[in-house]
Undergrad: 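Handing you this structure, nothing more for now.
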Amino acid sequence: MAGGSVLFAGSHNRNELVVIHNHEEEEKAWKRLDGSVCEICGDGIGLNDEGDVFVGCEECGFPACRACYEYERREGTQVCPQCNTRYKRIKGTPRVPGDEDEEDTDDIEHEFNMVDHHNNVDGEPKLCSSLQRRVHPFPQSGSEENEMEQGNLGPRLDDKIDQDMTMNDDTRQPLSRKVPIPSSKISPYRMVVAARLVILALFLQYRIMHPVHNAVGLWLTSVICELWFAFSWVLDQFPKWLPITRQTYLDRLSLRYEREGEANMLAAVDVFVTTVDALKEPPLVTANTLLSILAMDYPVDKISCYLSDDGASMLTFEALSQTAEFARKWVPFSSKYSIEPRAPEMYFAHKVDYLKGKVQHTFVKERRAMKREYEEFKVRINALVAKSLVAPPEGWVMQDGTPWPGNNTKDHPGMIQVFLQGNELPSLVYVSREKRPSFLHHKRAGAMNALVRVSGVLTNAPFMLNLDCDHYVNNSKAVREAMCFLMDPQVGKRVCYVQFPQRFDGIDKNDRYANSNRVFFDINMKGLDGIQGPFYVGTGCVFRRQALYGHEPPKVHKRPKMVTCGCCSFFGHSASLGGMDKDNKEISVDEKFGKSSTFVTSTLREEGGVAASSSREALLKEAIHVISCDYEDKTEWGSELGWIYGSITEDILTGFKLHSRGWRTIYCMPKRSAFRGSVPINLSDRLNQTLRWALGSVEIFFSRHNPICYGCKEGKLRFLERFAYINTTIYPFTSIPLLVYCLLPAICLLTDKFIMSELSTYSGILLVALFMSFLASGILELRWSGVSIEEWWRNEQFWVIGGISSHLFAVIQGILKIVAGIDTSFIVTSKAFDDEDFRQQLYTIKWTTLLIPPTTVLIINLVGVVAGITDAINTGYQAIRPLMGKLFFVFWVVSHLYPFLKGLMGRQNRTPTIVIIWSVLLASVFSLIWIRIDPFVVTARGPDPKQCGINC
């Protein structure tokens with residue numbers, strides 16, 4: 001597509017032109033393996049001492065320059081990247097450990113590579129090339145002939161060449177490194193975990209071998225629950241056995257890909273933002289996310305932002321137009337003064353010294369002007385929101401009098417609008433895919449796949465970042481952090497995505513509902529990074545486009561071959577564009593990618609970019625075509641390509657699919673959090689959110705992608721990684737034994753029985769040891785992860801709260817969906833933006849059936865406490881001792897449900913009446929039935945011989 005050309009798009013039901021400007025780079029030519037260019041650093045290979053082309057590996061002749069050869073021998077793996085043969089020492093190069101075993105004993109004068117055999121005219125020794133790169137040489141004089149440096153091709157023109165050599169050597173350094181947890185922290189943790197496993201096994205053995213004869217049902221139920229808890233703990237614990245952290249080197253990334261005087265070589269990135277409901281996801285929140293993306297510290301011609309409006313809302317469309325206008329002022333200001341964060345709402349709301357580090361005299365004046373501009377922008381957005389609350393009977397109409405094509409949100413054509421052109425600012429594109437009533441649209445996963453295809457036709461960046469509409473860029477260098485892994489020449493080719501942890505604003509100071517989820521993001525994800533990589537969690541993730549196209553990672557043991565199809569190059573994959581289906585039958589291109597030749601051609605470009613020969617009419621036709629609702633019919637989209645369908649938690653399923661193909665993933669935790677978002681504040685929304693996550697896991701469990709068996713034949717998913725995925729799919733089923741276990745204390749108090757027999761010395765020691773190992777493993781886990789004990793305790797509390805409410809309903813709904821085909825609707829959680837909304841939502845209790853089970857459990861346990869204490873008072877002193885154990889059992893349940901109780905009561909006791917009525921009714925019915933049936937206690941028949949003797 002020629003520079004400066006434009007693209008006009010539209011639909012059959014729309015009287016408006018859509019302008020798409022070209023901002024793609026020209027396609028880069030592939031390097032040929034002709035032996036003249038180093039395949040590691042891209043510099044010339046050079047000559048050896050005899051004047052021949054330098055060859056580092058005598059086995060395969062892999063093209064590598066002398067500097068890379070020496071660096072690999074000195075600080076690398078000492079093997080050839082292509083054939084894995086150990087590099088032999090070449091005459092004139094320094095020795096490294098391992099060379100003593102070789103028979104080559106010549107050139108002993110170069111043992112330390114300190115002195116050149118050529119001297120200058122003054123007779124002073126000259127430093128060798130490898131040392132010149134790390135020290136400043138003494139001034140030397142002499143003829144041009146004596147200025148030749150050992151191991152280099154040409155003469156040294158001036159003293160600046162030493163700095164260039166140092167820079168070239170730095171560009172060969174790795175862009176990141178693993179930072180293992182110190183052994184002083186991780187070794188005691190592993191020892192305690194192993195001891196806890198042994199103690200747990202002994203305790204379970206004791207429980208099984210010592211039944212309670214007068215309450216067999218009660219004992220058996222508790223033992224089954226404890227066995228399941230132990231199994232669940234093993235699945236959760238062992239994937240945390242090898243935690244690591246990582247460190248990136250942004251300066252090395254700039255030295256390698258942003259050399260002064262040369263074209264910027266950083267890879268392009270397409271950013272995807274999705275929204276579906278403009279009222280629950282306020283346009284101002286989405287606007288701040290988009291502004292933070294457009295203002296990222298990254299070349300403007302390398303960023304393209306796509307907003308998917310799955311609700312076809314005219315409010316979102318008009319708000320995006322206002323956002324594009326404000327971005328023309330905000331992006332230059334934020335880039336000029338390097339402010340953080342670059343979302344204006346969060347930047348102006350921060351109570352920090354914004355003058356710290358600022359030296360420009362114009363900063364204060366421009367900041368005040370920009371804040372005034374943003375306040376005017378907010379007023380315009382608020383006016384649009386107020387206008388949209390009441391829809392006109394005839395539907396929305398655009399400024400030119402044309403009816404808005406998305407008036408019917410379930411039946412409308414596809415729409416594309418480019419608001420920013422990508423010259424001085426990054427591109428900003430509005431996309432709303434076509435919707436028809438007779439087609440399945442697959443919710444968010446379908447919207448993401450539509451963005452993949454649209455971006456593949458228009459910009460085709462090799463990497464893609466996806467964000468929720470409420471997750472703004474908090475660290476403007478976040479994409480650079482990801483590029484340190486994805487563009488690393490050594491390990492980057494096998495990395496399919498880089499996941500960042502989720503961090504949130506607007507959480508109450510006590511975090512009563514564990515919204516921060518620090519245990520998962522700072523403990524579990526670090527452990528997975530040491531195995532095969534973290535899960536994909538739906539947002540804050542930078543993908544490799546080729547991985548989402550169904551390709552497998554390149555092989556490690558040998559270099560991938562270059563394959564061409566006549567018009568473009570493709571690296572590391574077979575020339576067959578179709579591939580194989582699950583029955584190992586070859587499929588065509590149309591069956592895999594769909595009927596779009598332009599899009600199929602873009603899938604072959606691993607380095608991205610759009611062909612310059614593409615006409616604007618062809619791109620227009622394909623951009624509209626690939627978002628049509630029937631495009632995915634009879635293709636592999638959603639089954640093998642893109643985001644995978646079959647679960648409302650498409651993020652976990654997509655990440656599992658990529659890991660099953662053998663891809664590696666990376667967990668990146670920069671010091672300044674990369675992205676920050678909002679979370680559900682009130683109890684009802686929080687429970688609905690966890691219900692959605694748990695229901696998605698149940699759907700995966702009952703699908704063909706069940707991690708217990710899927711991918712076992714290929715063996716590309718590591719054992720502990722499979723453990724972790726199994727845990728993510730079966731954790732909702734823990735709700736059943738957890739609910740039963742939370743009812744056991746009340747049952748024990750009502751029946752005057754207990755789940756354990758009389759404590760002996762051995763059983764007492766086991767209980768104390770189990771409790772101490774639990775505390776010790778938790779404390780040591782917090783020690784190496786940096787999670788606070790308050791965050792850990794909140795996580796434990798909400799594990800119980802969500803377990804007996806959201807997870808229980810997820811299991812029921814999942815089974816109903818499988819058996820009866822009853823589907824569930826997706827509920828979009830509302831986002832609080834300002835402090836007033838936060839305070840209102842924190843104490844808001846909305847009616848939901850999820851509130852009934854925890855409330856019922858609380859009431860039953862309180863009834864049991866009253867009954868137990870009353871019975872102990874009537875019985876006498878001998879009943880006090882067994883009562884203490886039962887009351888401790890009740891205290892364990894109530895302490896875990898305390899945040900739920902606090903949220904249920906609210907600030908002004910505004911609990912919905914229906915919740916109280918149903919909970920009291922269920923608790924009363926349960927108590928009366930239990931007193932009448934008493935199923936877990938063995939009923940004595942006849943007189944008791946222990947009381948009246950055998951001759952009674």
Undergrad: For K526, enumerate each residue passing the side-chain hydrogen bond (donor to acceptor under 3.5 Å, both in side chains) test, keeping only those at least two apart in sequence or located in another chain.
TA: none

Undergrad: When rounded to the nearest 0.5 angstrom, what distance separates CZ in R661 from CD in E552?
TA: 7.5 Å

Undergrad: How far does CH2 of W241 sit from CD1 of I186, to the nearest 0.5 angstrom?
TA: 8.0 Å

Undergrad: Please tell me if the side chains of N727 and P239 come closer than 4.5 Å, counting only heavy atoms from C-beta onward.
TA: no

Undergrad: Is the number of heavy atoms from other residues, nucleotides or ligands under 6.0 Å of K716 NZ greater than 12?
TA: yes

Undergrad: Given Y497, which partner from the list L465, V542, L658, I666 fulfils the side-chain contact (heavy atoms from CB on, under 4.5 Å) test?
TA: L658

Undergrad: Mind checking what makes ring pair (Phe, Tyr, Trp, His ring centres under 6.0 Å) contact with H441, not counting sequence neighbours?
TA: none

Undergrad: Give the ring-plane orientation class for F543 versus Y536, where under 30° counts as parallel, over 60° as perpendicular and anything between as tilted.
TA: perpendicular

Undergrad: Do K592 and Y549 meet the criterion of a side-chain donor-acceptor pair at a distance under 3.5 Å?
TA: no

Undergrad: Quick check on L440: does its CG atom have over 12 non-hydrogen neighbours (other residues, nucleotides or ligands) under 6.0 Å away?
TA: no

Undergrad: Starting at OG of S785, measure out to NZ of K240 and round the result to the nearest 0.5 Å.
TA: 9.0 Å

Undergrad: Answer yes or no: is there a side-chain heavy-atom contact under 4.5 Å between V498 and L486?
TA: yes

Undergrad: Going by distance alone, is a donor N or O of one side chain under 3.5 Å from an acceptor N or O of the other, for T665 and H659?
TA: yes

Undergrad: Test: salt bridge (charged side-chain N to carboxylate O under 4.0 Å, His left out). Region: residues 447-459. Which pairs qualify, not counting sequence neighbours?
TA: R453-E632

Undergrad: Taking the side chain as every heavy atom from C-beta outward, state whether Y298 and M483 have any atom pair closer than 4.5 Å.
TA: yes

Undergrad: When you measure from the side chain of N475 to the backbone of A674, do you find a donor-acceptor pair of N or O atoms at a distance under 3.5 Å?
TA: no

Undergrad: Could you state the interatomic distance from OH (Y731) to CZ (F733), rounded to the nearest 0.5 Å?
TA: 11.0 Å

Undergrad: Under 3.5 Å, side chain of S647 to main-chain N/O of G696, donor-acceptor pair present?
TA: yes

Undergrad: For the backbone of W784 and the side chain of Y189, can you confirm whether one donor and one acceptor N or O come within less than 3.5 Å of each other?
TA: no

Undergrad: May I ask you to check whether F719 and F238 place their ring centres under 6.0 Å from each other?
TA: no

Undergrad: Any side-chain donor paired with an acceptor under 3.5 Å for N474 and S673?
TA: yes

